[in-house]
Number of protein chains: 2
Amino acid sequence: MASAMNKSSTGNVKRTRKAHPQASMHDVARHAGVSLITVSRFLRTPGKVSERTRQLVEDAIAELGYVPNLVAGGLASSQSTIVSMIVPFVSHGVFAEAIQGVSDVVDAHGYNVLLGHSTGSVEREEAILRSILGYRPAGVVIQGANHSERTVEFLRKAAMPVVEIGTLPETPIGMAVGYSNHQAALAMTRHLIARGYRRIGFVGTDPATNDRILQRLAGYRQGLDEAGIAFDPALVLRSPFGIVEGRQLLHVYRSMQPMPDAVFCASDLWAAGMISECRKQGIGVPTDLAIAGFNDQDIASVIDPAITTIRVPRYEIGRQAGRMIVETIAGRSVERMVDVGFELVVRDST
Amino acid sequence: MASAMNKSSTGNVKRTRKAHPQASMHDVARHAGVSLITVSRFLRTPGKVSERTRQLVEDAIAELGYVPNLVAGGLASSQSTIVSMIVPFVSHGVFAEAIQGVSDVVDAHGYNVLLGHSTGSVEREEAILRSILGYRPAGVVIQGANHSERTVEFLRKAAMPVVEIGTLPETPIGMAVGYSNHQAALAMTRHLIARGYRRIGFVGTDPATNDRILQRLAGYRQGLDEAGIAFDPALVLRSPFGIVEGRQLLHVYRSMQPMPDAVFCASDLWAAGMISECRKQGIGVPTDLAIAGFNDQDIASVIDPAITTIRVPRYEIGRQAGRMIVETIAGRSVERMVDVGFELVVRDST
DNA sequence: TTGAAAGCGCTACCAT
DNA sequence: ATGGTAGCGCTTTCAA
């Protein structure tokens with residue numbers, strides 16, 4: 001009656017609660033005629049078992065279609081092969097590329113990506129994070145630097161590598177890889193002003209809930225300031241992302257008097273919609289209205305006129321973030337902050 | 001010396017292997033002055049604990065920042081809150097939308113998405129699946145119906161809900177939600193023929209490794225057959241996906257004699273690249289060359305001329321797949337196969 | 001309403 | 001090179 005090791009040590013013989021279809025390590029061991037621990041050893045340090053044993057275990061695994069239970073393994077070893085990633089939306093092209101980047105890198109190191117999306121809400125982000133942290137992931141990649149206090153607190157005390165992506169936070173939680181949205185928007189605004197535009201509109205989502213937009217707006221305002229152009233709040237429009245929305249925004253700007261001579265859209269989708277609508281309405285771009293975008297998505301280079309925009313290496317951001325997680329786990333020292341930069345791509349729309 | 005419950009019951013007093021920063025349920029229980037099981041009960045059936053206990057435990061959880069360990073819970077209960085999803089590429093718009101659909105639905109039911117990408121290789125798909133199955137997920141969503149034998153075998157014996165998406169397999173592994181790539185391509189080919197085109201090119205990736213393309217190619221051939229047009233293998237081009245690739249493909253078609261009078265691209269990206277290049281080269285679309293696409297991506301409606309294409313409800317496919325997983329887990333009976341259909345969207349490029 | 005004991009499937013430590 | 005034992009943090013009987 002000493003240990004709790006074996007179920008039959010209890011007088012009360014209860015069999016497994018559920019019929020369990022999946023083979024366990026125990027099954028493999030029996031099948032191979034070796035002990036359980038030998039199977040485990042074969043799996044993690046194959047060099048330490050004899051040729052004969054290796055063969056036996058290999059056959060048993062193949063025959064039973066055994067797949068090691070990472071849940072049990074993770075619990076026993078306090079290690080995880082999960083890297084969690086939280087983005088506002090999976091389906092937005094720019095985030096999808098970052099996800100692909102992270103996934104490409106961590107997959108190659110035996111990790112899998114557990115994905116969450118916040119729909120841009122810090123409350124939902126916090127909820128997602130809690131749930132995801134329940135898996136005690138090996139690392140966390142999270143979009144942006146705009147989090148709830150509790151999100152930050154959780155992340156700090158979680159004691160695992162954290163990478164914020166897409167921005168360069170003033171006080172990063174752990175590591176960060178991104179670019180300066182402020183500088184990028186400033187560069188674009190300077191470009192527009194250099195081209196001679198003076199009445200420049202700005203399209204974004206609500207800056208209160210989107211720190212990227214907030215920073216781009218700040219860069220835009222700084223650009224105006226530098227040129228001595230007064231900021232006109234009426235020229236700043238808020239809208240959900242989208243091409244259709246871009247079409248509608250054009251009409252809003254057209255109804256203003258005086259009309260703007262240029263619009264800086266904080267996403268290519270709006271710019272594409274506006275350009276398409278301009279074509280339909282017979283408005284010349286950039287002669288009657290210059291239109292600039294952001295992100296250099298596919299659409300920017302094929303629409304006519306092609307869109308002047310800011311190119312950001314999203315996939316690269318993902319790769320770097322993945323790399324930083326993996327390196328940190330491996331105990332190597334890693335940069336705290338990586339600036340991947342951006343590029344002003346001047347095309348025909350301005 | 002009876003049980004193995006407490007570490008100090010062993011003569012050999014060894015403390016926890018690792019300094020463990022995260023609070024455990026045990027810690028919460030001590031903090032609240034109740035037993036561990038009461039904490040567990042509070043978490044899963046809050047109605048069964050007294051008001052006083054509830055308060056105590058709630059406070060302790062908040063104070064310690066306790067996050068339940070789902071790895072341990074999953075092991076103990078043989079239940080999982082993970083839904084695995086495998087797609088060829090995360091960053092391809094069409095897959096990203098499906099991921100978003102799955103994620104939206106399963107998140108709402110307390111599940112998280114564990115993501116894998118196969119890069120279109122069945123071998124990699126198998127490897128990813130193995131690793132993902134190690135987490136004993138509650139369900140699996142997998143793109144396409146083209147899998148290795150072992151992949152199918154693993155999935156069948158895994159005894160969990162499986163949904164194949166994007167196609168309507170002849171022999172689904174479990175459930176499926178998608179549309180007929182064959183019928184969609186047939187519809188497009190018929191459209192082109194009805195418009196008077198006779199020498200119709202086809203652009204796809206390697207049909208041997210991509211069953212969607214294989215089926216679209218078959219639909220295209222059937223369309224030609226119906227009209228009594230001989231299939232000309234020289235008109236079928238293979239290429240990686242992409243706009244840049246589309247530009248190059250145009251030159252390949254231009255160098256043919258006779259030149260085709262229409263090209264059916266099995267992705268909008270190729271079509272967009274070709275149209276953009278046509279504009280640059282002064283080739284009239286559709287007057288000199290008609291160009292059709294597939295997927296109705298953003299780009300299709302804003303490029304000039306707008307692309308005639310096939311619209312597929314990708315997000316809806318994801319939602320349905322998520323729904324089918326969740327319902328199956330809940331024990332409700334679910335359709336084995338859902339056809340979400342497609343839509344021929346005729347625009348100006350044909 | 002609360003608690004004790006057993007064990008989920010695996011790994012770590014120690015022993016042989 | 002191989003095996004035994006304890007225990008990862010939780011849930012599930014069963015008992016009080």
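Worth knowing before you read on, the calculation uses all heavy atoms, side chains too, and leaves out hydrogens, waters and symmetry mates. Letters A, B, ... are given to chains in the order of the sequence lines, protein chains preceding strands, and every chain is numbered from 1.
No side-chain donor-acceptor contact under 3.5 Å links A/Y135 and B/N69.
Across the protein-nucleic acid pair, A/L43 atom CG and D/dA1 atom C1' stand 17 Å apart, rounded to whole Å. Regarding A/N69, its CG atom lies at a distance of 7 Å from the P atom of C/dG9, rounded to whole Å. Atom CD1 of A/I37 and atom C1' of C/dT16 are 14 Å apart (whole Å). As a whole-Å value, the separation of B/L70 CG from C/dC8 C1' is 15 Å. Distance A/M25 CE to D/dG3 P: 14 Å, rounded to the nearest Å. In this structure, B/K48 atom NZ and D/dT12 atom C1' are separated by 12 Å, rounded to whole Å. One can place CG of A/L75 at 12 Å from P of D/dT11, the figure rounded to the nearest angstrom. Taking atom CZ of residue B/R41 and atom C1' of nucleotide D/dC10, one finds them 14 Å apart after rounding to whole Å.
Every side chain to side chain contact (heavy atoms under 4.5 Å, CB included) that B/L133 has, sequence neighbours left out, goes to A/V67, B/L129, B/P137, B/V140, B/F154, B/M160. Every residue meeting the side chain to side chain contact (heavy atoms under 4.5 Å, CB included) condition with A/L36, not counting sequence neighbours, appears here in chain and number order: A/M25, A/H26, A/A29. Under the side chain to side chain contact (heavy atoms under 4.5 Å, CB included) criterion, A/T45 pairs with A/R41, A/K48, not counting sequence neighbours. In this view, A/R30 and A/D27 satisfy the salt bridge (charged side-chain N to carboxylate O under 4.0 Å, His left out) rule, not counting sequence neighbours. Residues passing the side chain to side chain contact (heavy atoms under 4.5 Å, CB included) test with A/E153 are A/K157, sequence neighbours excluded.
Judged as a salt bridge (Lys or Arg N to Asp or Glu O under 4.0 Å), the pairs with a partner in residues 54-83 of chain B (not counting sequence neighbours) are, in order, B/E51-B/R54. The salt bridge (Lys or Arg N to Asp or Glu O under 4.0 Å) analysis of residues 315-325 of chain B, with sequence neighbours excluded, yields the pairs B/R323-B/E335.
Across all strands, B/L36 comes closer than 4.0 Å to base atoms (heavy-atom distances).
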Q: Under the side chain to side chain donor-acceptor pair (under 3.5 Å) rule, what do B/E97 and A/S91 come out as? Steps first, then yes or no, please.
A: CA-CA 5 Å; B/E97 280 180 43; A/S91 59; over 6 Å; no
Q. Going through the distances and angles, do B/D107 and A/H117 end up as a side chain to side chain contact (heavy atoms under 4.5 Å, CB included)?
A. CA-CA 9 Å; B/D107 272 30; A/H117 67 279; 3.8 Å; yes
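When the side-chain nitrogen and oxygen atoms of B/S35 are compared with OP1 and OP2 of C/dT2, none of them lie within a distance under 4.0 Å. Using a 4.0 Å cut-off, some side-chain N or O of B/S40 falls inside it from OP1 or OP2 of D/dT11. The shortest distance between the side-chain N/O atoms of A/R44 and the OP1/OP2 oxygens of C/dT11 is below 4.0 Å.
No donor-acceptor contact under 3.5 Å links the side chain of A/R136 to the base of D/dG9.
For B/A72, counting side-chain heavy atoms from C-beta on, the closest listed nucleotide (D/dC10, C/dT2, D/dT2) is D/dC10. Considering only side-chain atoms of B/T38, the nucleotide from D/dG3, C/dG3, D/dG9 that sits closest is C/dG3. The listed nucleotides are D/dG9, C/dC10, D/dT12; the one nearest the side chain of B/Q79 is D/dT12. Each of C/dT11, D/dG9, D/dT11 was ranked by its minimum atom distance to the side chain of B/S77; first place goes to D/dT11. Nearest to the side-chain atoms of B/V34 among the listed nucleotides D/dG9, C/dC13, C/dG3 stands C/dG3.
Two end axes, each from the C1' atoms of five base pairs, can be drawn for the helix from C/dT1-D/dA16 to C/dT16-D/dA1; they diverge by 30°, to 10 degrees.
Contacts between residues 50-67 of chain B and DNA chain D, counted as heavy-atom distances below 4.0 Å, involve B/Y66.
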